[in-house]
Amino acid sequence: MHILIHGADSPQRKTLHDQLARLGHATTEQTTPAQAEHAFGFFAFDLVITQWGETGPHLLQRMRETRNNTPVIITTGGGRSNKELEEIRTLGAKILENPVSRNDLEVAINELAGEK
């Protein structure tokens, strides 16, 4: 799979990249929402992983407008309200709590691949 990783947290992006590489996936990492939107418009990604944070909702909405069927995993540090969690689910994303383990990542990818 070719996976887009978006998020401002450099250590988290590196950890996700390393975990995904060990699982045999290629990644493209982007820091800003503008970079992620540009990459998403230019490449056909099999999966997108992004942090919820301040930019996650906007980025996820834009991706849904462009390619509605691309699976998305949202990473979150926890402490999300029920309203935020429902918003994430409504947009069709899988939620993983940080720190994301390689096993949880593999399970989520397999579940999302089975839904395609």
Test of understanding: with side-chain contact (heavy atoms from CB on, under 4.5 Å), list the residues that count as partners of His17, not counting sequence neighbours. Ile5, Thr27, Glu29
Considering only heavy atoms from C-beta outward, does the side chain of Ser81 approach that of Glu84 to under 4.5 Å? yes
Do the non-hydrogen side-chain atoms of Asp104 and Arg102 ever get within less than 4.5 Å of each other? no
So, Glu37 side chain and Ala34 main chain: donor-acceptor pair closer than 3.5 Å or not? no
Identify whether Val107 and Leu20 are in the same connected component of the hydrophobic contact network (ILVMFWY, side-chain heavy atoms under 4.5 Å). no
Calculate, to the nearest 0.5 Å, the distance between atoms CD and CD1 belonging to Gln12 and Ile49 respectively. 9.0 Å
Verdict with supporting geometry, Asp9 and Arg13, salt bridge (Lys or Arg N to Asp or Glu O under 4.0 Å): CA-CA 6 Å; Asp9 186 339; Arg13 279 195 327 274; over 6 Å; no
Can Gln30 and Thr28 be said to form a side chain to side chain contact (heavy atoms under 4.5 Å, CB included), step by step? CA-CA 7 Å; Gln30 299 296 332; Thr28 297; 3.5 Å; yes
Give the minimum heavy-atom separation between Val72 and Leu112, together with the two atoms involved. O-CD1, 4.1 Å
Counting only N and O atoms by type, is there a donor-acceptor contact under 3.5 Å from the side chain of Gln35 to the main-chain atoms of Thr31? yes
Which value, rounded to the nearest 0.5 Å, describes the distance between Leu23 atom CG and Asn110 atom CG? 8.5 Å
Side-chain heavy atoms of Phe40 within contact of Val48, under 4.5 Å: yes
Sub-4.5 Å side-chain heavy-atom contact between Ile74 and Leu96: no
Do Phe43 and Leu4 come close enough that some side-chain heavy atom pair is under 4.5 Å? no
Is any side-chain heavy atom of Asp46 closer than 4.5 Å to a side-chain heavy atom of Thr70? no
Close side-chain approach of Gln51 and Thr76, heavy atoms under 4.5 Å: no
In this structure, OG1 of Thr75 is separated from NE2 of His6 (nearest 0.5 Å) by 10.0 Å
Is any side-chain heavy atom of His2 closer than 4.5 Å to a side-chain heavy atom of His25? no
Between CG of Leu105 and CD1 of Ile73, what distance do you get to the nearest 0.5 Å? 5.5 Å
